[in-house]
Amino acid sequence: MINEKMEKAFNDQINAELYSEYLYLSMKAYFETLNLPGFVNWMNVQIQEEHAHAMGMFDYVNSRGGRVILKAIDCPQTDWDSPLAVFEHILRHEEHVTSLINGVADVAEEVKDRAALSFLNWYIKEQVEEEDNVGKTLATLRRVGDDAHGLYALDKELATRVFNPPVIE
Ligand code: FEO
């Protein structure tokens with residue numbers, strides 16, 4: 001049976017992951033207005049990844065005999081000044097999510113839940129990948145600046161991203 005404090009930390013993180021999904025959905029809507037299908041595709045993959053992150057924890061809480069309690073999802077930002085501003089926002093957001101995941105791991109350590117700590121290792125590694133991935137695209141966007149050809153080339157590249165359902169265990 002999962003500890004009550006641990007259960008609450010997971011429930012809060014499920015909410016944070018669903019908020020991430022909602023935020024990327026809002027960014028997808030923004031890129032639809034810019035007519036950049038590659039960026040839209042990138043967001044589509046990100047939306048599915050965040051949903052998988054939330055569901056991984058949802059299933060884990062249940063497998064430990066806990067109770068998932070869903071809460072309201074905050075309203076996401078709906079407009080940005082540029083694709084660069086979006087990716088700056090994403091990096092800030094993912095750094096924040098990393099700190100939240102570390103906080104859940106801190107609770108697992110505090111209540112000596114080694115199984116939860118082991119489960120959370122997947123998320124800790126995933127955040128390293130997320131920040132790295134976003135950081136690279138952000139660096140490209142900074143180089144591209146206002147160059148339309150550069151943005152077009154990046155859009156083509158982002159169109160190739162595919163969703164590989166993660167195995168979270
Ligand atoms: Fe679920 Fe983007 O972290």
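For the numbers below, each heavy atom of this structure counts, side chains included, while hydrogens, waters and symmetry mates do not. Since we're looking at a predicted model, the values are computed, not measured. Just follow the structure's listing: the first ligand is 1, and inside any ligand the first atom is 1.
For the pair Lys125 and Glu130, the salt-bridge criterion is not met [side-chain N within less than 4.0 Å of a carboxylate O].
A donor atom on one side chain and an acceptor atom on the other are not found under 3.5 Å apart for Ser26 and Gln77. Using a 3.5 Å distance cut-off with no hydrogens or angles, the side chains of Lys28 and Asn44 do pair a donor with an acceptor. For the residue pair Glu21/Gln46, the side-chain donor-acceptor check at 3.5 Å is not satisfied. A donor atom on one side chain and an acceptor atom on the other are not found under 3.5 Å apart for Gln127 and Glu131.
Angle OE1 (Glu130) to atom 2 (Fe) of ligand 1 to OE2 (Glu94): 80°, rounded to 10°.
Within Glu50, the N, O or S atom at minimum distance from atom 1 (Fe) of ligand 1 carries the name OE1. Its N, O or S atom nearest to atom 1 (Fe) of ligand 1 is what matters here, and for His53 that atom is ND1. With respect to atom 1 (Fe) of ligand 1, Glu17 has OE1 as its nearest N, O or S atom.
Between atom 1 (Fe) of ligand 1 and Glu49 there is no N/O/S contact shorter than 2.8 Å. Not a single N, O or S atom of Glu126, from either the backbone or the side chain, sits less than 2.8 Å from atom 1 (Fe) of ligand 1.
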